[in-house]
Protein chains: 2
Amino acid sequence: MSGRTDKTSDLGHALLGLLARREATGYDLSARLAAPLGYFWTASHSQVYPELARLEAAGLVTHEEIPGRGPRPTKRYAVTAAGRSALAAWVVTDPGEQADRDVLVLRAYSLWLADPAAAAAMLRGLRERHAARLEEYLQHEREIRAEGGEIAWDDPRFAALARVRAGIGYERHRLAWVDWVVSALTTGHAPTDDAN
Amino acid sequence: MSGRTDKTSDLGHALLGLLARREATGYDLSARLAAPLGYFWTASHSQVYPELARLEAAGLVTHEEIPGRGPRPTKRYAVTAAGRSALAAWVVTDPGEQADRDVLVLRAYSLWLADPAAAAAMLRGLRERHAARLEEYLQHEREIRAEGGEIAWDDPRFAALARVRAGIGYERHRLAWVDWVVSALTTGHAPTDDAN
DNA sequence: GGCTCCATGTAAAACGTTACATGATTTC
DNA sequence: GAAATCATGTAACGTTTTACATGGAGCC
């Protein structure tokens, strides 16, 4: 029985997922998980470094020191065979209920108490941010598809595409919702039919 | 200077938002914030009780003891005038960037390593859950609209409607995404055009 | 007799953010 | 010469989850 069975966290699986594509330093991984570029998971370097140490203790990754420019030795991490199979097994596990916490919908729930003009202004600012993100995602999708040809399911690009399409769908839903709320605030009441 | 300026947390605002609609015990609030019914925020009772104490110390809520069936005195909480105006002011503040952490998309990002049949099975189970939730939300929307007539923006039902419509849009987006992934796994490759 | 509902609290652990700390090289 | 980039780590704090603890009333 080698390797701990300590149960790897979601963050650990995020790091494994990135490392399975290519080797990287903790710094690289942190950069890719910095908001809002890493739009499926976010983490700061202070979480990443200890987690990499834990993954290594569990035998899921290894590192090798390479020449670098930091005051401490620069470490390049790679997934082990055990790490790769742990990741593959975890992928198909049931993700369970997601705790949906949404700070915008939380505000919406108390909108009836607020100043409607101020609320509409806040929402319009938000709309712009969502529209900008949607454009980024669409651009990113085009980049993934740029080479042309079919993208098979076992190609890492397929997973990248799935990820970006989740982002695109989400932003579109968000835009539609914000527009619904703003138009209701403008007319003073909710539309009586939304064509469900 | 009365009242602390300690900065109320999101949870605190969630509780204020519920209490602004009607008075309730900590137990009631916990029940309404239990997943998945409270689909804009979730919390367990061990978070709710201390937070209510903090809100009271800040002068945003008060309580009165009522006859109840617990081993300790039963407390019914209500928002104060200060609580109501703090809530109204917070509603229109910019919610900032949401850290989007999505355990399903996190899995999708490593899907290329997994067994496609197992992945499709997991996703089909998930699809059912999303479809069931969507039905619940649509039913809830019908209930809100049941009385008929226009729902003005300053009616608490308007905010409830905004909340449920966010849920409906989200579930539809999720269903479409899951279907996209499952169909790609079934055909073995991503569709070459998604009609963007 | 056992289970669920009511009703409140505390404690420990896990997870996440922000701040502290260090220091060479490259770019403006 | 100031700022950003590379590169790693620890510490303090805040938030969230899970577990412990108590006890009466009503239902099967």
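First the proteins, then the strands, lettered A, B, ... as listed; each starts at 1. Only heavy atoms go into these numbers, but all of them, side chains included; no hydrogens, no water, no symmetry mates.
Residue B/L29 contributes atom CG, which lies 9 Å from atom P of C/dT8 at whole-angstrom precision. One interatomic measurement links the two molecules: CD of A/Q47 to P of C/dT17, which rounds to 6 Å at whole-angstrom precision. Atom CZ in A/R69 sits about 7 Å away from atom P in C/dT26, given to the nearest Å. In this structure, the OH atom of B/Y49 is 17 Å from the C1' atom of C/dA11, given to the nearest Å. For the pair B/H63 NE2 and C/dA7 P, the computed distance is 15 Å after rounding to whole Å. Protein atom NE2 of A/H45 is 13 Å distant from nucleotide atom P of C/dT17, rounded to whole Å. Nucleotide C/dC6 holds its C1' atom 13 Å from the CZ atom of B/R72, rounded to whole Å. When rounded to the nearest whole Å, the span between CD of B/E23 and P of C/dA7 equals 14 Å.
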Inset, instruction - Could you go through the side-chain hydrogen bond (donor to acceptor under 3.5 Å, both in side chains) check for B/T93 and A/R107 one step at a time? - result: CA-CA 9 Å; B/T93 58; A/R107 276 168 179 72; 3.1 Å; yes
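At a threshold of 4.0 angstrom between heavy atoms, the contacts of B/S30 with the nucleic acid are absent. Heavy atoms of A/R76 sit nowhere under 4.0 angstrom from any nucleic acid atom.
Considering CZ of B/R127 and CH2 of B/W177, their distance stands at 13.5 Å, rounded to 0.5 Å.
Taking the ring centre of B/Y109 as origin, the terminal cationic atom of A/R21 falls inside the region bounded by 6.0 Å and 45° from the ring axis.
Judged as a ring pair (Phe, Tyr, Trp, His ring centres under 6.0 Å), and not counting sequence neighbours, the contacts of A/H63 are A/Y77.
Distance from the side chain of A/S44 is smallest for C/dT18 among the nucleotides C/dA7, C/dG16, C/dT18.
Across the interface with DNA chain C, nearest-nucleotide mapping of B/R101 and B/G26 shows B/G26 to be the residue nearer the 5′ end. Both A/R54 and A/P71 lie near DNA chain C, and the one whose nearest nucleotide falls closer to the 5' end is A/R54.
Neither side chain, B/Q47 nor B/E51, offers a donor N or O lying under 3.5 Å from an acceptor on the other.
Think of the region where chain B sits on DNA chain D: with heavy atoms and a 4.0 Å cut, that region ends 5' and 3' at D/dT15 to D/dG23.
B/Y27 has no side-chain polar atom (N or O) that falls below the 4.0 Å cut-off from OP1 or OP2 of C/dT8.
For B/R101 (side chain) and A/T42 (main-chain N/O), a donor-acceptor pair under 3.5 Å exists by modelled atom type. For the pair B/D155 (side chain) and B/A152 (backbone), a donor-acceptor distance under 3.5 Å is absent.
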